Amino acid sequence: MSKAITPPILAGCVGQYTETAPQHGLREHFQCAWVQQLPEDYAGGIAVVPDGCVDLLWHDDRLVVVGPDIVAARPDLRPGATVLGMRFQPGAAAHWLDLPLTDIVGCGIDMCDIWGQKARDLVEKMQSARSTREQSGLLQELLAQTASSIEPPSRDGTAIFETLRRPLGHEDEPISKLSRKLGVSQRTLRRRSHHLFGYGPKTLERILRFQRFQALVWSAGNGGLAEMALASGYADQAHLNREMQSLCGMTAGEFVRQLTA
């Protein structure tokens, strides 16, 4: 008899997770600062579901950029680990990293390999901090010193993300709507989306629809899956179930159970 596979725990459902607004000088470039603290006795896997975003992470004395995911990430974290994060605004990361996001889809890269000595100096200062709170403040201070020299996020990136994040009627074609809104061909739209988000607008649309479902579960609780599927923009519950398996590797029922436990 085959052994049942235990699904991983969603990252926001284990330990303590908090988000705060970034320093004023960073808000044009970053959505939030966040901290994830795992329990000392937790040794199971965790799943970080795709959200169309890019994060800078500080943990285990390393500064890492984690690229946009298409499927849930399964980071290898030790029990009791603390992870500090800075989440980029939509489309902002490409300017900070000076590379197309297609290069880092689904992976993490040490910032020393991208920024060189600048990142090594930042890491050395972070290692001298004595507490998580001090590290978080220092990380933002050091990023703020760089922010003034970084180009603001692309207006196209903001428009692409915000348009696809809003639910549309089933008769609407979001890619055509985006193309008309930006005044560009669909080929140009795909190219810009790949550069700013790591993948095309169709994939980003799938991920942001999944995020709408997650937000609806948080706000509405354990409602009917069929109704929540339609409200989130899925054709029906079967469509939701297929997308849940594809994007995060668990059933819609298990996903809802974890978020509402």
Side-chain angles (χ1 to χ4, degrees), residues 12 19-34 48-56 65-72 85-97 99-102 104-106 143 147 150-220 228-235 239-240 243 247-248:
E19 290 184 3
T20 56
Q23 291 183 10
H24 181 73
L26 292 174
R27 292 177 188 177
E28 187 173 31
H29 301 275
F30 292 90
Q31 298 181 53
C32 66
W34 56 266
V48 182
V49 298
D51 59 5
C53 298
V54 178
D55 292 76
L56 282 178
V65 61
V66 176
D69 290 315
I70 296 178
V71 297
M86 294 291 297
R87 183 164 301 131
F88 283 102
Q89 292 284 6
H95 293 156
W96 282 75
L97 305 175
L99 50 76
L101 272 292
T102 49
I104 59 170
V105 170
L143 292 174
I150 302 295
E151 185 179 347
S154 162
R155 291 183 179 180
D156 282 0
T158 301
I160 291 170
F161 195 89
E162 291 301 322
T163 300
L164 295 180
R165 184 162 63 177
R166 300 189 189 104
L168 298 173
H170 290 293
E171 72 282 359
D172 293 327
E173 210 326 296
I175 309 307
S176 298
K177 179 179 179 180
L178 256 178
S179 180
R180 293 193 302 271
K181 182 176 182 178
L182 297 177
V184 299
S185 68
Q186 292 193 27
R187 175 179 291 183
T188 297
L189 174 61
R190 285 194 296 271
R191 184 172 66 250
R192 291 182 185 177
S193 182
H194 275 93
H195 177 77
L196 295 170
F197 298 102
Y199 29 64
K202 280 288 189 183
T203 298
L204 182 60
E205 179 196 9
R206 290 178 61 215
I207 289 168
L208 295 180
R209 181 173 54 206
F210 167 77
Q211 285 290 316
R212 287 201 299 272
F213 176 74
Q214 177 174 266
L216 185 61
V217 174
W218 274 331
S219 63
M228 289 195 291
L230 291 174
S232 302
Y234 293 98
H239 184 201
L240 167 66
E243 289 290 273
L247 292 172
C248 69

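Keep in mind it's a predicted model, so treat the numbers as computed, not measured.
- Within the 4.5 Å cutoff, side-chain heavy atoms of L97 are placed close to those of I104.
- Here the side chain of E205 pairs no donor or acceptor atom with the backbone of G200 at under 3.5 angstrom.
- Looking at every heavy atom in both residues, R27 comes nearest to Q89 through O-NE2, 3.0 Å.
- Atom CD of Q31 sits about 6.5 Å away from atom CZ of R87, to the nearest 0.5 Å.
- Closest non-hydrogen pair, P152 versus E28, comes out as CB-OE2, 3.4 Å.
- Looking at every heavy atom in both residues, L164 comes nearest to P201 through CD1-O, 3.6 Å.
- The side-chain heavy atoms of M86 and L26, taken from C-beta on, include a pair separated by under 4.5 Å.
- Residues L182 and T188 fail the side-chain proximity criterion, which asks for heavy atoms closer than 4.5 Å.
- Between atom CD1 of residue I207 and atom CG of residue D69 there is a gap of 8.0 Å, rounded to the nearest 0.5 Å.
- Within the 4.5 Å cutoff, the side chain of W96 has no heavy atoms near those of the V54 side chain.
- Here the OG-NE2 distance, from S154 to H195, works out to 8.0 Å after rounding to the nearest 0.5 Å.
- Distance OG1/T203 to CZ/R190: 11.5 Å, rounded to 0.5 Å.
- Of all heavy-atom pairs between F88 and L56, the closest is CE1-CG, 3.8 Å.
- Listed here is the closest heavy atom pair of Q186 and S176: NE2-OG, 3.5 Å.
- In this structure, F161 and F197 have parallel ring planes: the angle between them is below the 30° cut-off, well short of the 60° mark.
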- request: Go through I160 and L178 one step at a time and tell me if the side chain to side chain contact (heavy atoms under 4.5 Å, CB included) criterion holds.
  value: CA-CA 7 Å; I160 291 170; L178 256 178; 4.1 Å; yes
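- For the pair R206 and E243, the minimum side-chain heavy-atom distance is below 4.5 Å.
- To the nearest 0.5 Å, the span separating CG on L196 from NE2 on H95 amounts to 6.5 Å.
- Note: L189 CG to K181 NZ = 11.5 Å, rounded to the nearest 0.5 Å.
- Side-chain atoms of R192 never come within 3.5 Å of backbone atoms of G157 as a donor-acceptor pair (strictly under, hydrogens ignored).
- Of all the heavy atoms in L216 and A231, the pair that sits closest is CD2-CB, 3.8 Å.
- Between the side chain of T102 and the backbone N or O of G198, no donor-acceptor pair lies under 3.5 Å.
- Residues D156 and S193 fail the side-chain proximity criterion, which asks for heavy atoms closer than 4.5 Å.
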